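Only one structure is covered here, and it is reproduced in the block below.
Numbers restart at 1 for each chain; the letters A, B, ... are given by sequence-line order, proteins then strands. What you see is a predicted model; the values in this text were computed from it and never measured. What's counted below: heavy atoms across the whole structure, side chains too, no hydrogens, waters or symmetry copies.
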Number of protein chains: 2
Amino acid sequence: MPLPDAASPLYERVKGYILGRIGSGEWIAEHKLPSENDLVQQLGVSRMTVHRALRELTSAGVLVRVQGVGTFVAATRPQSALMEVRDIAEEIRARGHRHSSAVLALEKTRPGRDLAREFEAAGLRTVFRSLIVHRENGEPVQVEERHVNPGMAPAYLEQDFERTTPYDYLQRCAPVTEVEHVITAVRPGAEIGSLLGIAPDAPCLLLRRRTWSGTAVVTVNRLWYPGERYSLGGRYRVGSRGPAS
Amino acid sequence: MPLPDAASPLYERVKGYILGRIGSGEWIAEHKLPSENDLVQQLGVSRMTVHRALRELTSAGVLVRVQGVGTFVAATRPQSALMEVRDIAEEIRARGHRHSSAVLALEKTRPGRDLAREFEAAGLRTVFRSLIVHRENGEPVQVEERHVNPGMAPAYLEQDFERTTPYDYLQRCAPVTEVEHVITAVRPGAEIGSLLGIAPDAPCLLLRRRTWSGTAVVTVNRLWYPGERYSLGGRYRVGSRGPAS
DNA sequence: TAGTGGTCTAGACCACTAG
DNA sequence: TAGTGGTCTAGACCACTAT
């Protein structure tokens, strides 16, 4: 049976099957996939289901489809430095500076409906929450509020996050395979402002980040940066999308 | 006949129908759409087709769906793709909204030393400069100050940037091969603030972007976004592959 | 319980591409 | 002409939400 039994929708399992072949190196860039009808036979699902899986992987840039010809594994694109998830402690040390942090909260809590939706898990009962201030040479540069899926990181609350970092621990339990970032400019308000040592109405970068490991959301985070002391950036090559002839 | 006859697929026409209602203001944020079955009746198409249209608009952020409750127009906070250089006019139209712009300056000027350094061309004598405000449904969402290397885009000053966009013209003369982004949060100050219709001390995203075509710097830009009305973001697969979804 | 969206199937017709 | 992907339908069952 090629498709593992799981509670996820069939088309997601078909996607997983294909991503697995690609991830294992069995299907490399330019490889021609079996036709929809072949996959229908091999996987024992309907053509609409196969088609949906292939369509979604195509719009995600994983596959390239050409009518009348076939479906192919897309050529890879370069990855941007800006969107990388890096350990802030490492980043600071890489600048030759001293990193320190203070753990202000580390607890179990109940997610509201919005948070449960962000975790893509409506029935989620509890989440872990941490609130940490990171300092560079003693100066606050980031307030990090994390919500963590307890199923993915059961020992989260037992960690000492003044010695290690959430990034470090989570990367061991549930390596990140996908990231979503949304950046806005906000006023930090009194609470976050005082943690960052800036005025409550000073401009402030708010980075919302969700990370996935496989198909499960591992963390939902909010990171505040003092706007005038910090910036996010990167330089990268623009890749050509689509079929590499 | 609610769906105009067209050569595009039915589900695209259903999407167009819905985007039209939203664009015209008939359905505003939070508005509850007719149920799938109602739309099946009204539009005379099958439920799978309606469902596909609604699903794609949901993944595009236009709609929000809650199982057992209904489908709603999303409270859109316009969002730009962070790592891709996209035409803002196209981005806005893709959300089913109306794009308009005002050209406040379009001129030849002498670069200062810093600007010449950013162009990586110390001897640069003149640069083109444009200052444009972009609006989404009449509301300012971006102030775009561009400096353009005249050697790469000689007819820049003759373009009508209320009909086309700098992106569009430049992409034809000098396709972007490399990009650098730096994002900070700032106070816009009186001038930019008034162009964006926000207070001079309201939080504001400043995106500095340089683009290359081959080894030459084509543009050095500063883009201001009203922090509370706009965000930058994206979702990416980690590793060797490009953006997800 | 009734109504919503989420998924899945079997079968159909079409447009496109290659040999 | 045979094979591919693109679309569309009618009907079904399910999970979830509100009342």
Please give, in whole Å, the distance from [N] [atom2] to [X] [atom1]?
X: A:L57; N: D:dG5; atom1: CG; atom2: P; answer: 14 Å
X: B:L10; N: C:dC13; atom1: CG; atom2: P; answer: 17 Å
X: A:L39; N: D:dG3; atom1: CG; atom2: P; answer: 16 Å
X: A:R13; N: C:dG6; atom1: CZ; atom2: C1'; answer: 14 Å
X: B:D38; N: C:dG5; atom1: CG; atom2: C1'; answer: 13 Å
X: A:H51; N: C:dT9; atom1: NE2; atom2: C1'; answer: 15 Å
X: A:N37; N: D:dT7; atom1: CG; atom2: C1'; answer: 14 Å
X: A:Q41; N: C:dA10; atom1: CD; atom2: P; answer: 11 Å

For [X] and [Y], indicate whether the former's side chain and the latter's backbone hold a donor-acceptor pair under 3.5 Å.
X: B:S101; Y: B:F161; result: yes
X: B:T49; Y: B:V45; result: no
X: A:D201; Y: A:R187; result: no

Taking only side-chain N and O atoms of [X], does any of them lie within less than 4.0 angstrom of OP1 or OP2 on [N]?
X: B:R65; N: C:dG6; answer: yes
X: B:T49; N: D:dT9; answer: yes
X: B:S35; N: C:dG3; answer: no
X: B:Y11; N: D:dT7; answer: yes

Can A:R129 and A:E145 be counted as an ion pair, charged N to O under 4.0 angstrom?
->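 Yes.
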Counter-base of D:dC14, judged by Watson-Crick or G-U geometry with both distances under 3.5 Å |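 Across all strands, the one nucleotide that pairs with D:dC14 is C:dG5.
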Look through every strand shown and name the nucleotide pairing with C:dG19 as Watson-Crick or G-U wobble, where both distances are under 3.5 Å.
->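 Paired with no nucleotide.
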Go through D:dG6, C:dT4, D:dT9 for me and flag the one nearest to the B:S46 side chain.
->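 The nucleotide sitting nearest to the side chain is D:dT9.
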Under 3.5 Å, which N/O atoms of the protein pair with N/O atoms of nucleotides 16-19 of chain C?
{"unit_1": "C:dC16", "atom_1": "O4'", "unit_2": "A:Q67", "atom_2": "OE1", "d": "3.0"}

Set of residues satisfying ring pair (Phe, Tyr, Trp, His ring centres under 6.0 Å) with respect to A:Y11, sequence neighbours excluded =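 In terms of ring pair (Phe, Tyr, Trp, His ring centres under 6.0 Å), with neighbours along the sequence ignored, A:Y11 is linked to no residue.
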Looking only at side chains, do B:Y225 and A:T184 share a donor and an acceptor under 3.5 Å apart?
->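 On atom types as modelled, these side chains do not qualify, holding no pair under 3.5 Å.
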Going by atom types only, do A:R13 and A:Y17 share a side-chain donor-acceptor pair under 3.5 Å?
->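 Result is no, nothing qualifies.
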Closest nucleotide of DNA chain D for A:M48 versus for A:T71: which of these residues is on the 5' side?
->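 Its nearest nucleotide lies further toward 5', so the answer is A:T71.
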On a plain distance test, is the side chain of A:R47 in donor-acceptor contact with the base of D:dG6 below 3.5 Å?
->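 Indeed, a donor on one side and an acceptor on the other fall under 3.5 Å apart.
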